[in-house]
Protein chains: 4
Amino acid sequence: MSAGSPASTPKGERRRQALVEAAARLLVEGGFDAVRHRAVAERAGLPLASTTYYFRDLDDLVAAAAEHHGRGELARGWAQLAELTAGRRDVDGVVEIVLDQLLGPATERDAEAVVLRYERLVATGRRPHLRPLMSELSADLHELLLETLARCGIPADHERVNRLVALVDGSVVNALIEVHPDPRGAARRMLHSALAEGL
Amino acid sequence: MSAGSPASTPKGERRRQALVEAAARLLVEGGFDAVRHRAVAERAGLPLASTTYYFRDLDDLVAAAAEHHGRGELARGWAQLAELTAGRRDVDGVVEIVLDQLLGPATERDAEAVVLRYERLVATGRRPHLRPLMSELSADLHELLLETLARCGIPADHERVNRLVALVDGSVVNALIEVHPDPRGAARRMLHSALAEGL
Amino acid sequence: MSAGSPASTPKGERRRQALVEAAARLLVEGGFDAVRHRAVAERAGLPLASTTYYFRDLDDLVAAAAEHHGRGELARGWAQLAELTAGRRDVDGVVEIVLDQLLGPATERDAEAVVLRYERLVATGRRPHLRPLMSELSADLHELLLETLARCGIPADHERVNRLVALVDGSVVNALIEVHPDPRGAARRMLHSALAEGL
Amino acid sequence: MSAGSPASTPKGERRRQALVEAAARLLVEGGFDAVRHRAVAERAGLPLASTTYYFRDLDDLVAAAAEHHGRGELARGWAQLAELTAGRRDVDGVVEIVLDQLLGPATERDAEAVVLRYERLVATGRRPHLRPLMSELSADLHELLLETLARCGIPADHERVNRLVALVDGSVVNALIEVHPDPRGAARRMLHSALAEGL
DNA sequence: GATGAATGAGACTTCATTCAT
DNA sequence: GATGAATGAAGTCTCATTCAT
């Protein structure tokens with residue numbers, strides 16, 4: 001999916017990967033603007049020129065980083081699902097599971113940890129080249145949630161998942177503007193009240 | 001609310017305003033990254049140094065632009081409300097009105113026109129200094145929707161408005177990643193299905 | 001001596017003085033480079049344009065500040081002399097008095113407090129317009145030391161004062177480069193060893 | 001000792017050196033304030049960006065220039081010493097040699113040529129990062145004078161050298177404020193009178 | 001007399017990208 | 001294949017000074 005160019009040697013692939021990981025970490029920490037050639041190279045402990053050697057330009061590297069981060073999140077989600085024993089759960093349990101799938105595991109610095117998911121979504125609005133990637137990731141996330149709800153004994157279809165996702169994402173983006181943002185809390189409250197009314 | 005400093009004369013106020021408007025236009029067209037001293041000055045047809053004369057630094061100018069844009073949207077919303085004849089409406093009518101309030105009037109290039117609202121929300125996640133402003137705007141928007149729903153004969157409380165907003169915003173951010181994004185359409189479908197089930 | 005231009009009114013004179021004092025304080029705190037129109041005006045609580053209204057240009061203001069500071073030091077020196085009871089003193093006493101006259105009263109942050117005297121001397125090397133002023137101040141300082149030594153019962157002539165001054169100033173400028181500078185201490189040691197050998 | 005970073009190739013080293021020399025020349029001509037990125041680049045006939053490519057920031061470049069100048073002076077001093085035939089000399093001869101070591105060879109525009117030594121010393125008072133460098137240069141100069149005096153058949157220890165240096169430096173900084181400065185002359189007179197009295 | 005407004009010049013620095021080796 | 005070297009373009013911001021009022 002990523003553009004890629006040279007280096008099909010194992011070593012080349014390893015270095016490419018190191019750059020992607022470095023870029024992904026920067027993405028999480030500082031957003032899209034923080035992904036610069038220099039910063040990535042330093043993080044990865046590789047020469048500056050390697051960033052343009054392995055990636056056509058910065059957009060290419062940013063895209064690869066976004067993809068890496070997105071796939072990592074999904075992998076975590078599927079792994080979490082695999083460990084989930086089947087069976088009915090109360091609302092509280094389901095809500096927490098869904099929040100974990102959508103926002104990642106709860107952190108102390110939640111607001112900051114969560115923001116990248118939304119930066120990615122919104123940034124795609126101005127970067128058409130990210131759309132195919134993001135669409136793919138999104139479809140997979142959808143699938144993951146569908147399975148997760150099923151495992152929890154909650155009947156779910158595409159529409160219901162869409163609504164759940166919208167409720168969470170909508171709550172979060174609106175929570176980010178609070179002076180002391182608590183996006184996870186906001187999403188949790190929203191989900192509860194929605195589920196209480198039968199979604 | 002905006003920081004600003006000099007220019008109490010009418011002319012000064014006019015120039016300041018010209019800069020804000022130029023910055024706001026750039027914000028709409030290119031997002032936060034597009035608001036640069038040079039670009040703003042050129043847009044406004046004013047000397048480069050005027051940007052730092054009227055605004056302490058770029059953050060200050062960006063904030064003023066965001067505020068300008070946000071207040072403009074709200075003003076439009078209230079004006080629209082004022083022209084709204086009271087009385088019950090069918091779901092279709094209400095949905096269109098709510099979409100207009102939240103996303104602005106329908107445009108051809110809808111995806112692009114709509115994206116700034118979400119950039120603003122998300123950007124605030126990394127720019128704490130925008131939070132007070134955004135919170136204020138958000139509260140006003142909330143009020144506007146409350147009134148709008150009342151005018152449409154739909155019983156609404158804070159919670160219901162929150163849910164509506166979340167549904168729209170969540171739909172939109174998830175629609176932005178489609179290869180051919182139709183955020184307004186996505187939000188419309190979501191609202192319909194939600195209202196059909198009694199919200 | 002200072003250039004001066006407008007404002008012979010009492011109020012004008014007062015504001016001019018306020019600017020000079022503000023500039024002098026900045027001079028002490030940050031050296032010549034710290035004396036900027038903006039900084040001076042802010043310190044003095046006066047409008048920016050007043051700095052160019054009362055002083056032809058920045059050099060003029062800097063010169064006035066240097067003069068103010070220099071004359072203040074000298075006034076302090078003469079006052080100190082006036083309070084000095086006549087009579088022979090031991091070397092220690094004389095040394096401390098001379099150090100006070102040349103370097104100002106001992107401070108905790110001595111290195112920083114002392115540096116301006118030498119910046120002024122050296123800066124004059126590149127600013128011929130400061131020379132008449134500095135020469136006058138220097139002559140007065142010379143006179144002060146002559147009187148001081150006499151009061152202490154130490155026979156002194158111009159040559160001896162010159163040598164004393166040179167020893168102190170030479171010690172100080174060479175002490176400023178230490179990692180933990182102690183210019184007063186260095187000057188003290190130098191004076192002691194010189195006086196021990198009969199100057 | 002200088003910070004620097006890239007350029008290990010001969011060519012790189014040469015360009016780096018060109019920048020340092022350009023900066024050093026500017027330092028001599030106009031003092032610390034004259035060392036600006038633009039000015040250095042133009043002097044060296046190199047692109048502006050090369051100044052930040054070879055030097056982390058301006059402070060780094062200024063320090064390198066100060067070091068270059070200082071080491072050059074010292075090298076000249078040691079070379080001069082090497083050419084010095086051993087043996088007793090009269091006071092006049094010794095004085096001239098010491099002045100050469102401390103102030104550089106006599107020039108027509110003496111006052112200007114000499115001022116940088118003192119700017120460097122005094123500037124260090126406000127720029128702690130220069131202290132280690134200046135201390136090292138100072139120690140070497142001390143050594144040079146010790147050897148020089150020995151070569152001239154004059155018994156000298158650290159204390160005596162310190163006193164000599166202080167006398168010269170003190171004379172010079174006080175001479176810089178004369179309307180027609182003659183720092184070398186002043187130092188010469190001071191040394192004579194001091195040596196006449198057995199130091 | 002006094003000052004708010006205004007700006008051209010220039011300061012330092014970062015960065016994406018190219019290219020020779 | 002890999003990378004150190006290099007740089008043009010642009011970024012943010014400060015400042016001394018002028019001028020109209």
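Note on naming: letters A, B, ... go to the chains in the order of the sequence lines (proteins, then strands), and numbering restarts at 1 for each one.
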inquiry  = Return whichever of A/Asp59 or D/Asp59 has its heavy-atom-nearest nucleotide of DNA chain E closer to the 5' end.
reply    = D/Asp59
query = Less than 4.0 Å between a side-chain N and a carboxylate O, is that true for D/Glu136 and D/Arg71?
reply = yes
key: Under-4.0 Å side-chain N/O to phosphate OP1/OP2 contact, A/His37 with E/dA16   = yes
task = Only one of A/Thr52, A/Leu19, A/Asp57 passes side chain to side chain contact (heavy atoms under 4.5 Å, CB included) with A/His37; say which it is.
result = A/Thr52
Side chain of B/Ala49 (C-beta onward), nearest among F/dT7, F/dA5, E/dT7 = E/dT7
remark   = Between CZ of D/Arg16 and P of F/dG4 the distance, given in whole Å, is 17 Å
query = Closer to the 5' end of DNA chain F via nearest nucleotide, is it B/Leu58 or A/Leu48?
reply = A/Leu48
ask   = Is B/Arg38 near enough to F/dA10 that one of its side-chain N or O atoms lies under 4.0 angstrom from OP1 or OP2?
value = no
ask   = To the nearest Å, how far apart are A/Asp60 CG and E/dT17 P?
value = 11 Å
Under 4.0 angstrom between D/Arg36 side-chain N/O and E/dG10 OP1 or OP2 = no
5′-ward residue of the pair D/Thr51/A/Val35 relative to DNA chain E = D/Thr51
key: A/Pro47 side-chain proximity, nearest of F/dT3, F/dT7, F/dC13   = F/dT3
request  = Using a cut-off of strictly less than 4.0 Å, decide whether C/Tyr54 has a side-chain nitrogen or oxygen near OP1 or OP2 of E/dG1.
outcome  = no
query = Per the salt bridge (charged side-chain N to carboxylate O under 4.0 Å, His left out) rule, which among D/Glu112, D/Glu29, D/Glu119 passes with C/Arg126?
reply = D/Glu119
key: d(CD, A/Glu13; P, F/dG1) in whole Å   = 14 Å
task = Could you state the atom-to-atom distance from CG of A/Leu61 to P of E/dC15 in whole Å?
result = 14 Å
ask   = Under 4.0 angstrom, heavy atoms only, what part of the nucleic acid is D/Arg15 near: base, sugar-phosphate, or nothing?
value = sugar-phosphate
query = OP1 or OP2 of F/dG1 sitting under 4.0 Å from any side-chain N/O of A/Tyr53?
reply = yes
request  = Could you check how far CD of A/Glu42 sits from P of E/dA16, rounded to whole Å?
outcome  = 12 Å
query = How close or far is atom P of F/dA5 from atom CG of D/Leu46, stated in whole angstroms?
reply = 15 Å
key: Complement of F/dA2, any strand, by Watson-Crick or G-U distances under 3.5 angstrom   = E/dT21
task = Could you check how far CZ of B/Phe55 sits from C1' of F/dT12, rounded to whole Å?
result = 16 Å
ask   = Taking all non-hydrogen atoms of both residues, which atom of C/Leu116 and which atom of C/Phe32 are closest, and how far apart?
value = CD1-CE1, 4.4 Å
request  = May I ask you to check if A/Arg16 and A/Tyr53 form a cation-pi contact, with NZ or CZ under 6.0 angstrom from the six-membered ring centre and within 45° of the axis?
outcome  = no
query = Whole Å only: how far is the CG atom of A/Leu19 from the C1' atom of F/dA2?
reply = 12 Å
